[in-house]
Amino acid sequence: MNIGLFSDTYFPQLNGVATSIRTLATALEERGHNVYIFTPSDPRCSKDSDALNVYRVPSLPVSFVQDYRAGYVFSPFLVKKIAALDLDIIHTQTEFCLGMLGRFLSSNQGIPQVHTYHTMYEDYVHYIGGGHIISKGMARDFSSVYCNAAMGVIAPTRKTEQLLKSYGVIKPIHIIPTGINTSHFRKDQYDPAEILALRESLGLEADTPVVISIGRLAKEKSIDVVLRALPALAEKLPEMKMVIVGEGNEMENLRKYGESLGVSEHIIFTGGKPWEEIGKYYQLGNVFCSASVSETQGLTFAESMAAGVPVVAKRDECIENIIEDKVTGLLFDTEEELPELLYRVLTDATLSAQLSSASQQAMEALSVEAFADSVEQLYQSILDSGERPRKIAAPAIPLVMGVKAVKKISRLPRKLVRHSREKASELASELLSSTKEK
């Protein structure tokens with residue numbers, strides 16, 4: 001099969017969606033399929049840094065989400081180039097810029113579209129105008145409309161499936177958890193001397209108890225909940241440190257919050273790290289902790305467990321298929337429980353070893369092979385059905401993202417819409433000129 005994956009985020013951005021896409025693409029390629037990834041350009045990528053099958057669309061930074069970029073030019077040249085790939089399946093991994101391009105190509109060329117719903121947008125509306133421009137209801141309606149346009153929808157967890165049904169999604173929903181490449185995270189893949197050197201580079205002793213947090217630093221990740229547990233934990237275990245690996249809008253706020261709690265000397269921010277290095281950063285931790293309930297797949301929980309690092313997490317449906325309380329991890333319901341749970345894992349060597357062993361065994365069942373099998377079977381069943389989307393003729397210029405649509409969805413201020421329209425006109429003129437030259 002020729003498969004097109006369309007995403008608004010990909011490496012070098014570090015998040016669960018990027019990891020999921022790379023895992024899927026690699027597994028499908030190993031099965032003999034041709035996989036092409038379409039994603040926004042990133043200034044951190046050189047022309048030679050991407051694989052040949054990664055196509056970068058011109059993009060602009062998104063001011064309200066750090067290191068996030070939005071693809072903005074879908075030229076006739078790009079559409080023609082993608083058409084030449086003769087895609088059998090379009091698999092969108094976003095509902096926005098690149099997702100709209102994938103949706104357009106599906107309708108324009110009659111290619112079946114599958115969609116993975118990665119993000120519960122109602123938990124993210126605070127990024128735009130503090131939640132006053134886009135409401136949670138609008139986010140639900142938009143998600144429903146987009147998913148119902150696809151021929152099949154993938155939900156990483158049952159929680160996501162139930163959420164989409166509550167939104168009004170009537171298309172078939174398939175629960176397919178993202179697979180984990182456990183070999184990338186296993187403890188035996190790393191030289192103890194290398195981990196010790198990494199600890200020393202961060203000012204940690206070999207025996208310093210470490211609470212590790214890895215992922216995007218964003219409000220919805222609830223890292224502040226974990227920070228509030230540190231004063232009580234540090235009182236009982238003064239030598240403990242919390243290492244926070246990741247980048248995002250909340251870094252400075254979290255730094256200041258740690259100072260206000262009087263625990264800044266216990267917190268180390270490393271910033272974002274390349275995916276290739278993330279495996280060894282998990283090995284810094286004696287316990288992985290997260291209070292997020294906005295996850296759709298909980299990849300960082302699974303990665304930590306594959307690394308043999310015990311997990312303490314807020315109880316939530318998104319991790320029910322990953323963590324069994326008191327067997328493969330410890331779950332808390334209230335903030336008051338958290339300091340004691342962390343203290344137990346950090347000081348009880350027997351408990352820590354039991355959780356580590358059980359979690360590693362559990363993650364072997366969440367294999368990349370099972371993930372790829374399920375997705376491949378879904379693709380094939382759709383192709384075998386013979387059903388195809390009704391072709392819709394393309395406009396003369398697919399243009400920049402439609403300003404009218406943006407205005408309807410987000411109710412942006414008129415001045416901003418007017419500016420966007422003027423910018424779109426300028427870009428369209430440039431595209432026409434460049435197309436004629438070619």
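Between Arg22 and Glu276 there is a salt bridge, since at least one side-chain N of the basic residue sits less than 4.0 Å from a carboxylate O of the acidic one. Of the charged side-chain nitrogens involved, at least one lies within less than 4.0 Å of a carboxylate oxygen, so that Glu194 and Lys280 count as a salt-bridged pair. The residues Asp325 and Arg315 are annotated as salt-bridged, a charged nitrogen and a carboxylate oxygen being separated by less than 4.0 angstrom. The pair Lys256-Glu259 does not count as a salt bridge, with every side-chain nitrogen at least 4.0 angstrom from each carboxylate oxygen. Look at Asp316 and Lys159 and you find a salt bridge, because one of the NZ, NE, NH1 or NH2 atoms lies within 4.0 Å of a carboxylate O, short of that distance. One finds a salt bridge joining Lys236 and Glu340 here, because a Lys/Arg side-chain nitrogen approaches an Asp/Glu carboxylate oxygen to under 4.0 Å.
Considering only heavy atoms from C-beta on, Leu299 comes within 4.5 Å of Thr178 through its side chain. Put simply, the side chain of Met305 does not reach to within 4.5 Å of the side chain of Gln360, judged on heavy atoms. Between Glu250 and Ile223, the closest side-chain pair of non-hydrogen atoms is not below 4.5 Å. For the pair Leu330 and Val311, the minimum side-chain heavy-atom distance is 4.5 Å or more. Residues Asn148 and Ile170 form a side-chain contact, since some pair of their non-hydrogen atoms from C-beta on lies under 4.5 Å apart. Side-chain contact between Ile382 and Glu387 is absent, with no heavy atoms from C-beta onward closer than 4.5 Å.
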Show the numbers, then the answer: is there a side chain to side chain donor-acceptor pair (under 3.5 Å) between Arg56 and Ser41? CA-CA 5 Å; Arg56 298 276 179 180; Ser41 62; over 6 Å; no
For side-chain contact (heavy atoms from CB on, under 4.5 Å), just list the numbers for Leu204 and Val210, CA-CA rounded to whole Å, side-chain angles, deciding distance to a tenth of an Å, and then say yes or no. CA-CA 9 Å; Leu204 301 169; Val210 173; 4.0 Å; yes
Would Arg44 and Glu247 count as a salt bridge (Lys or Arg N to Asp or Glu O under 4.0 Å) here? Give the steps. CA-CA 15 Å; Arg44 292 172 291 180; Glu247 55 193 11; 3.5 Å; yes
Take Leu78 and Leu101 through the test side-chain contact (heavy atoms from CB on, under 4.5 Å) and record every step on the way to the result. CA-CA 10 Å; Leu78 175 63; Leu101 173 60; 4.1 Å; yes
Using the side-chain contact (heavy atoms from CB on, under 4.5 Å) rule, take Leu217 and Asn249 through it: C-alpha gap first, then chi angles, then the decisive distance, then the call. CA-CA 6 Å; Leu217 308 188; Asn249 291 10; over 6 Å; no
Give the intermediate values and the outcome of side chain to side chain donor-acceptor pair (under 3.5 Å) for residues His184 and Gln189. CA-CA 7 Å; His184 182 70; Gln189 296 296 304; over 6 Å; no
Passes side chain to side chain donor-acceptor pair (under 3.5 Å), Thr94 versus Ser7? Steps please. CA-CA 5 Å; Thr94 173; Ser7 175; over 6 Å; no
As a quick check of understanding, evaluate side-chain contact (heavy atoms from CB on, under 4.5 Å) for Ile21 and Ile37, giving each step before the final call. CA-CA 8 Å; Ile21 291 170; Ile37 298 169; 4.2 Å; yes
Evaluate the side chain to side chain donor-acceptor pair (under 3.5 Å) criterion for residues Glu29 and Asn34: first the C-alpha distance (whole Å), next the side-chain angles of each, then the deciding distance (0.1 Å), finally the verdict. CA-CA 6 Å; Glu29 285 170 346; Asn34 300 312; over 6 Å; no
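For the 3.5 Å distance criterion, the side chains of Ser20 and Thr23 fail to qualify, holding no donor opposite an acceptor. Side-chain contact, Glu337 with Thr334: a donor N or O sits under 3.5 Å from an acceptor N or O. Judged purely by distance below 3.5 Å, without hydrogens or angles, the side chains of Ser143 and Tyr117 pair a donor atom with an acceptor atom. No hydrogens or angles considered: nothing links the side chains of His174 and Glu161 as a donor-acceptor pair under 3.5 Å. Donor-acceptor pairing under 3.5 Å is recorded for the side chains of Arg228 and Tyr257. There is a side-chain donor-acceptor pair under 3.5 Å between Asn15 and Thr9.
Between Phe38 and Tyr55, the ring-plane angle classifies as parallel under the 30° and 60° cut-offs.
Here the shortest heavy-atom pairing between Leu227 and Leu254 reads CD1-O, 3.7 Å. For the pair Ser59 and Arg69, the tightest heavy-atom approach, listed with the atom from each and the gap, is OG-NE, 2.8 Å. Of all the heavy atoms in Thr116 and Glu95, the pair that sits closest is O-OE2, 4.4 Å. Nearest heavy atom pair, residue Leu164 against residue Cys147, reads CD2-SG, 4.1 Å. Nearest heavy atoms, Gly102 versus Thr92: CA-CG2, 4.0 Å. The shortest heavy-atom contact between Met240 and Leu233 is CE-CD2, 3.7 Å.
Around CZ of Arg158, the count of heavy atoms belonging to other residues, nucleotides or ligands within 6.0 Å does not exceed 12. Summarising the local packing, CZ of Arg186 is surrounded by more than 12 heavy atoms from other residues, nucleotides or ligands at distances under 6.0 Å. Sparse packing is recorded around CD of Glu235, with 12 or fewer heavy atoms of other residues, nucleotides or ligands lying under 6.0 Å away. Applying the 6.0 Å contact sphere to NZ of Lys81 captures no more than 12 heavy atoms from other residues, nucleotides or ligands. Atom CD of Glu205 is surrounded by 12 or fewer heavy atoms from other residues, nucleotides or ligands within 6.0 Å.
Proximity of a side-chain donor or acceptor of Ser107 to a complementary backbone N or O of Phe104 within less than 3.5 Å is not detected. Between the Asp88 side chain and the Pro112 main chain, no donor and acceptor come within less than 3.5 Å of each other. Under the 3.5 Å distance criterion, the side-chain polar atoms of Ser290 are matched with a main-chain donor or acceptor of Ser292. Remark: the backbone N or O of Gln354 is not paired with any side-chain donor or acceptor of Ser357 at under 3.5 angstrom. The closest donor-acceptor contact from the side chain of Tyr146 to the backbone of Gly99 lies under 3.5 Å.
Between Phe96 and Phe142, the ring centre distance stays below 6.0 Å.
A ring pair (Phe, Tyr, Trp, His ring centres under 6.0 Å) with His91 is found for one member of Phe6, Tyr379, Tyr36 and no other, namely Tyr379.
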